[in-house]
Structures are given as structure tokens and as C-alpha cells.
Peer 1: 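Before we start, here is the structure in question, set down as C-alpha cells.
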Amino acid sequence: MENKKKLIFIVVIISLMSVLFAGCGDDKYVQTVKNGSLDMAKGVPIGKAFDQFFSNEKWESFVSENNERIVEFNGECRWNNNPATCCVQFRILNDSRFEVSYLDINGVSMNWWDSSGILNKVFQQYKAK
């Protein structure tokens, strides 16, 4: 009887652990972006470059109101010598392709030119190290 209780206890613990850890990983869309690169920095993994440039990072994916799959990155950095927050959204085009669809610094939306400059700085810093 004692062995049966131990076995049940072990099964319950393993089940709880698998439920807890199942939500800890990034989904396939987040992984596609983190492991991918942009034309402006071919071969530079976005995830590694962002890890180096930003702190307190958060990645998530969701379906937008326009029914598009979006991967969103939020992180903290220094911009113009001041603490800043940055949000970058990537639109998933298919299983292996995506594009930057939105970028803001401290909640201020950046146009395409400014967004490119910000991302270029992130990738240049990664290449320099």
C-alpha cells in the first residue's frame, strides 16, 4: 500500500511539473523571428542581437484585429543617453518569412526610416562584439 501512495505522489508531481513547464517556452512564431534575420543584417539572429542590446525583454505572439499573426518584442535600452522602452512588431508572412511592421520608442511610433536606423544600431552593436 505504501508503494502505491509513493507511485501516485510521483505521478502527480511529474504531471504538475509538465503542466508548469509547458507554458515556459516561446511558441513557433516567436522562435521563427528570434532565430531569423532581416535583410539589413543577413545572418545575424534577431534574438541574439536583441538580447545583447535590450534588457527586461518580453516576446509574445498573437493574432491582430486584421487577422495577421504578429510577434511582439518589448525591451528596455538606452536611447539618446536616456532610459527607454522599445516595442517592435513583426508580421508573420509564412512559416519562415516575416517583416517588421511597427516600432516605437517610449510609445512614440517611428516611421520606416527611423525604425530602420534604430534596428541598424541594434545589429551594428551585435556585429561589433
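From a predicted model like this one, the values you see are computed outputs, not experimental measurements.
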Peer 1: Please report the interatomic distance SG(Cys77) to CD(Gln52), rounded to the nearest 0.5 Å.
Peer 2: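 Separation between the atoms: 13.5 Å.
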Peer 1: Among all residues two or more places apart in sequence or in another chain, which pass the side chain to side chain contact (heavy atoms under 4.5 Å, CB included) test with Asn106?
Peer 2: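 Once residues adjacent in sequence are excluded, the partners of Asn106 under the side chain to side chain contact (heavy atoms under 4.5 Å, CB included) criterion are Ala84, Thr85.
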Peer 1: Name all pairs fulfilling the ring-ring contact (aromatic ring centres under 6.0 Å, His included) condition that reach into residues 79-104, sequence neighbours left out, sorted by first residue then second.
Peer 2: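 For residues 79-104: Phe90-Phe98.
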Peer 1: Under the criterion side chain to side chain contact (heavy atoms under 4.5 Å, CB included), I'd like the reasoning laid out for Lys34 against Asp26: C-alpha separation, chi angles, the key distance, then a yes or no.
Peer 2: CA-CA 10 Å; Lys34 287 173 87 172; Asp26 292 329; 2.7 Å; yes
Peer 1: Roughly how far apart are Met110 CE and Ile105 CD1, rounded to 0.5 Å?
Peer 2: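 Nearest 0.5 Å value for the CE-CD1 distance: 6.0 Å.
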Peer 1: Kindly determine whether Asp95 and Thr32 satisfy side chain to side chain contact (heavy atoms under 4.5 Å, CB included), including the steps that lead there.
Peer 2: CA-CA 8 Å; Asp95 285 342; Thr32 296; over 6 Å; no
Peer 1: Partners of Lys42 by side chain to side chain donor-acceptor pair (under 3.5 Å), sequence neighbours excluded?
Peer 2: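 Expected list: Asp39.
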Peer 1: Measure the OG-CD distance between Ser64 and Glu72 for me, rounded to the nearest 0.5 Å.
Peer 2: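 It is 11.5 Å, given to the nearest 0.5 Å.
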Peer 1: Testing the 3.5 Å rule here: is there a donor-acceptor pair between the side chains of Ser61 and Asp27?
Peer 2: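 Yes, side-chain donor-acceptor contact under 3.5 Å.
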Peer 1: For residues Ser37 and Gly43, report the shortest heavy-atom separation together with the two atoms involved.
Peer 2: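 Shortest heavy-atom separation between Ser37 and Gly43 comes out as OG-N, 3.4 Å.
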Peer 1: Residues sharing Ile70's hydrophobic cluster, by side-chain heavy-atom contacts under 4.5 Å among ILVMFWY, directly or via others?
Peer 2: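 Besides Ile70, the hydrophobic cluster comprises Phe62, listed by chain and residue number.
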Peer 1: Sequence neighbours left out, cut at 3.5 Å: what donor-acceptor pairs do the side chains of residues 115-122 make with other protein atoms?
Peer 2:
{"from": "Ser115", "atom 1": "OG", "to": "Asn111", "atom 2": "O", "distance (Å)": "2.9"}
{"from": "Ser116", "atom 1": "OG", "to": "Trp112", "atom 2": "O", "distance (Å)": "3.0"}

Peer 1: Would you check if the side chain of Asn82 reaches a backbone N or O of Asn80 as a donor-acceptor pair within less than 3.5 Å?
Peer 2: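 At least one qualifying donor-acceptor pair exists.
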Peer 1: Whether the side chain of Gln89 engages the backbone of Val71 through a donor-acceptor N/O pair (distance < 3.5 Å, no angle test) should be reported.
Peer 2: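 Absent.
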Peer 1: Where do Val44 and Ala49 come nearest, in terms of heavy atoms and distance?
Peer 2: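 Between these two residues, the closest heavy atoms are CG1-CB, 4.0 Å.
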Peer 1: Taking only residues two or more places apart in sequence or in another chain, which ones pass ring-ring contact (aromatic ring centres under 6.0 Å, His included) with Phe54?
Peer 2: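 For Phe54 the ring-ring contact (aromatic ring centres under 6.0 Å, His included) partners, ignoring immediate neighbours, are Phe50, Phe73.
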Peer 1: If Ile, Leu, Val, Met, Phe, Trp and Tyr residues are connected whenever their side-chain heavy atoms lie under 4.5 Å apart, and connections chain through other members, are Val108 and Val100 in the same group?
Peer 2: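 Both belong to a single hydrophobic cluster.
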Peer 1: Side chain to side chain donor-acceptor pair (under 3.5 Å) with Asn56: which residues, sequence neighbours excluded?
Peer 2: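 By the side chain to side chain donor-acceptor pair (under 3.5 Å) rule, Asn56 matches Glu76.
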Peer 1: Would you kindly confirm whether Val63 and Ile92 end up in one hydrophobic cluster when ILVMFWY residues are joined by side chain heavy atoms under 4.5 Å apart?
Peer 2: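 No, Val63 does not connect to Ile92 through the hydrophobic network.
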Peer 1: Give, for atom CZ of Arg69 and atom OH of Tyr29, the distance between the pair rounded to the nearest 0.5 Å.
Peer 2: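 Spacing of CZ (Arg69) from OH (Tyr29) equals 5.0 Å.
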Peer 1: Sequence neighbours left out, what passes side chain to side chain donor-acceptor pair (under 3.5 Å) with Asp51? Give chain and number order.
Peer 2: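 Side chain to side chain donor-acceptor pair (under 3.5 Å) check on Asp51 returns nothing, list empty.
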Peer 1: With sequence neighbours left out, what residues match Glu68 under side chain to side chain donor-acceptor pair (under 3.5 Å)?
Peer 2: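 For Glu68 the side chain to side chain donor-acceptor pair (under 3.5 Å) partners, ignoring immediate neighbours, are Arg91.
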Peer 1: Does Asn81 have any side chain to side chain contact (heavy atoms under 4.5 Å, CB included) partners at least two apart in sequence or in another chain, and if so, which?
Peer 2: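 For Asn81, no residue satisfies side chain to side chain contact (heavy atoms under 4.5 Å, CB included) once neighbours in sequence are set aside.
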Peer 1: What is the minimum heavy-atom distance between Gly47 and Trp59, and which atoms define it?
Peer 2: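 Gly47 and Trp59 have their closest heavy atoms at CA-CZ2, 4.4 Å.
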Peer 1: Within a reach of under 6.0 Å around CG of Asn94, are more than 12 heavy atoms found that belong to other residues, nucleotides or ligands?
Peer 2: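 More than 12 heavy atoms, drawn from other residues, nucleotides or ligands, come within 6.0 Å of this atom.
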